[in-house]
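Presented below is the structure to which this report refers.
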Number of protein chains: 2
Amino acid sequence: MNDTSNPLLLRDQLCFSLYAASRSVTALYRPLLDELGLTYPQYLVLLVLWEHGDSPVKDLGAALQLDYGTLSPLLKRLEANGLVRRARRADDERSVSVALTEEGLALRDRALSVPPVIGTAMGLDDAEFEVLRGLLSKLTTSVQAYTA
Amino acid sequence: MNDTSNPLLLRDQLCFSLYAASRSVTALYRPLLDELGLTYPQYLVLLVLWEHGDSPVKDLGAALQLDYGTLSPLLKRLEANGLVRRARRADDERSVSVALTEEGLALRDRALSVPPVIGTAMGLDDAEFEVLRGLLSKLTTSVQAYTA
DNA sequence: TCCAACTAGATCGTGCACAACTTAAGTTGG
DNA sequence: CCAACTTAAGTTGTGCACGATCTAGTTGGA
């Protein structure tokens, strides 16, 4: 079996490139987010809250494509760290509304210094950046349509 | 603060696209790999072994960019499932050589049916596929150079 | 020769991801 | 009215990832 006919070669697999790239970017965030006392998924939750304000857990899950099994303990940790508050909604006791505390809101200013560092480290020009983002979106959309 | 000047918008973050795409692809693999009794990282380890044969744990880690903390328990599970054997090398007792069993070798034939399904579901043409793979490699290289 | 430095690997603790199951609250049709 | 259904969230168990720490084997000088 020569190389070109072997579909199981690691270096040819887009999926591995994706997996490796994702982990390397998370590793890039780690020291920066450590300064803020956050993990990458926690930072993503805060991005949603900073952008949209108080949100039910369901909406956070929809925005980040994460389920309750991931979000429930994560939100508990954010609450334990004083960044968010959770409260049952009065009009629908099933729903839990997640709100930023003063501290959680204040953290946004410090977080503003993160994206520029990430952008520089990625080493892509504006055009490459947009092409990559577009292809990743297309890929995710296709895959999720296929999975559904 | 209008949209174009806010660097903390979720939808603009390439990193989130990458994170979401990676998880969606792993989710796509899951039902296929379940048939083979494998997880995605386990499948990656087997890709390396099918391609290169017996390898020390160190080499598996280098190929997949995973550390011993991840690989040691993963390899234990592969061994418990009868797919690999681990043995200390006689010429260097520090090194553990990971070898495929008959069963692990035989699994390769069944794994050949996986990549075509993944390829179809991703919904990218050949050109997009190569552009994406190239940009991901460039990104990973830049990020790792920056991290180092 | 001897031992300090280095190396390969394992272990432990924390925090995701996600499937499967449970609980409690709300909704609806007969 | 209320039983059947649906929905939002939490819980449990398994398997990554990864930092920190530990052990045992190897190596290179003084």
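Computed from heavy atoms alone, side chains included, the values below leave out hydrogens, waters and symmetry copies. Residue numbers begin at 1 in each chain, while the letters A, B, ... track the order of the sequences.
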In whole Å, I'd like the distance from the [atom1] atom of [X] to the [atom2] atom of [N].
X: B/Asp59; N: C/dG9; atom1: CG; atom2: C1'; value: 13 Å
X: B/Lys76; N: D/dT14; atom1: NZ; atom2: P; value: 15 Å
X: B/Leu71; N: D/dG15; atom1: CG; atom2: C1'; value: 13 Å
X: B/Leu60; N: C/dA10; atom1: CG; atom2: P; value: 11 Å
X: B/Arg86; N: C/dT11; atom1: CZ; atom2: C1'; value: 12 Å
X: A/Arg30; N: D/dG19; atom1: CZ; atom2: C1'; value: 8 Å
X: B/Lys58; N: D/dG25; atom1: NZ; atom2: P; value: 19 Å
X: A/Tyr29; N: D/dC18; atom1: OH; atom2: P; value: 16 Å

I want to check something: taking the side chain as every heavy atom from C-beta on, are A/Trp50 and A/Leu107 in contact at a cut-off of under 4.5 Å? yes
All N/O contacts under 3.5 Å from nucleotides 13-16 of chain C to the protein, with atom names and distances to one decimal?
| residue | atom | partner | partner atom | Å |
| --- | --- | --- | --- | --- |
| C/dC16 | OP1 | A/Thr39 | OG1 | 2.6 |
| C/dC16 | OP2 | A/Gln42 | NE2 | 2.9 |
| C/dC16 | OP2 | A/Arg77 | NE | 2.7 |
| C/dC16 | OP2 | A/Arg77 | NH2 | 2.9 |
| C/dC16 | O5' | A/Arg77 | NH2 | 3.0 |

Using a cut-off of 4.0 Å between protein heavy atoms and nucleotide atoms, how would you tag nucleotides 22-27 of chain C 5' to 3' with B, S and -? ---BS-
Got a donor-acceptor contact below 3.5 angstrom from the [X] side chain to the [Y] backbone?
X: B/Ser22; Y: B/Leu18; value: no
X: B/Ser72; Y: B/Thr70; value: no
X: B/Ser24; Y: A/Gln144; value: no
X: A/Glu128; Y: A/Asp125; value: yes
X: A/Glu79; Y: A/Arg86; value: yes
X: B/Ser97; Y: B/Pro56; value: no

A/Arg23 vs A/Val96, nearer the 5' end of DNA chain D by closest nucleotide: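 Its nucleotide being nearer the 5' end, the pick is A/Val96.
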Electrostatic pair B/Arg133-B/Glu130, nearest N-O below 4.0 angstrom: yes
I want to verify a distance call: between D/dT11, C/dC18, D/dG19, whose nearest atom is closest to the A/Asp67 side chain? C/dC18
Nucleotide nearest B/Leu66 (side chain, heavy atoms from C-beta), chosen from C/dC18, D/dC18, D/dT11: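 The nucleotide sitting nearest to the side chain is D/dC18.
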Carefully, step by step, assess A/Leu100 and A/Leu83 under the rule side chain to side chain contact (heavy atoms under 4.5 Å, CB included). CA-CA 6 Å; A/Leu100 289 162; A/Leu83 301 177; 5.9 Å; no
Have a look at A/Ser95 and say if it touches a base, only the backbone sugar-phosphate, or nothing, with a 4.0 Å heavy-atom cut-off.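 Since only primed, P, OP1 and OP2 atoms lie under 4.0 Å of A/Ser95, the category is sugar-phosphate.
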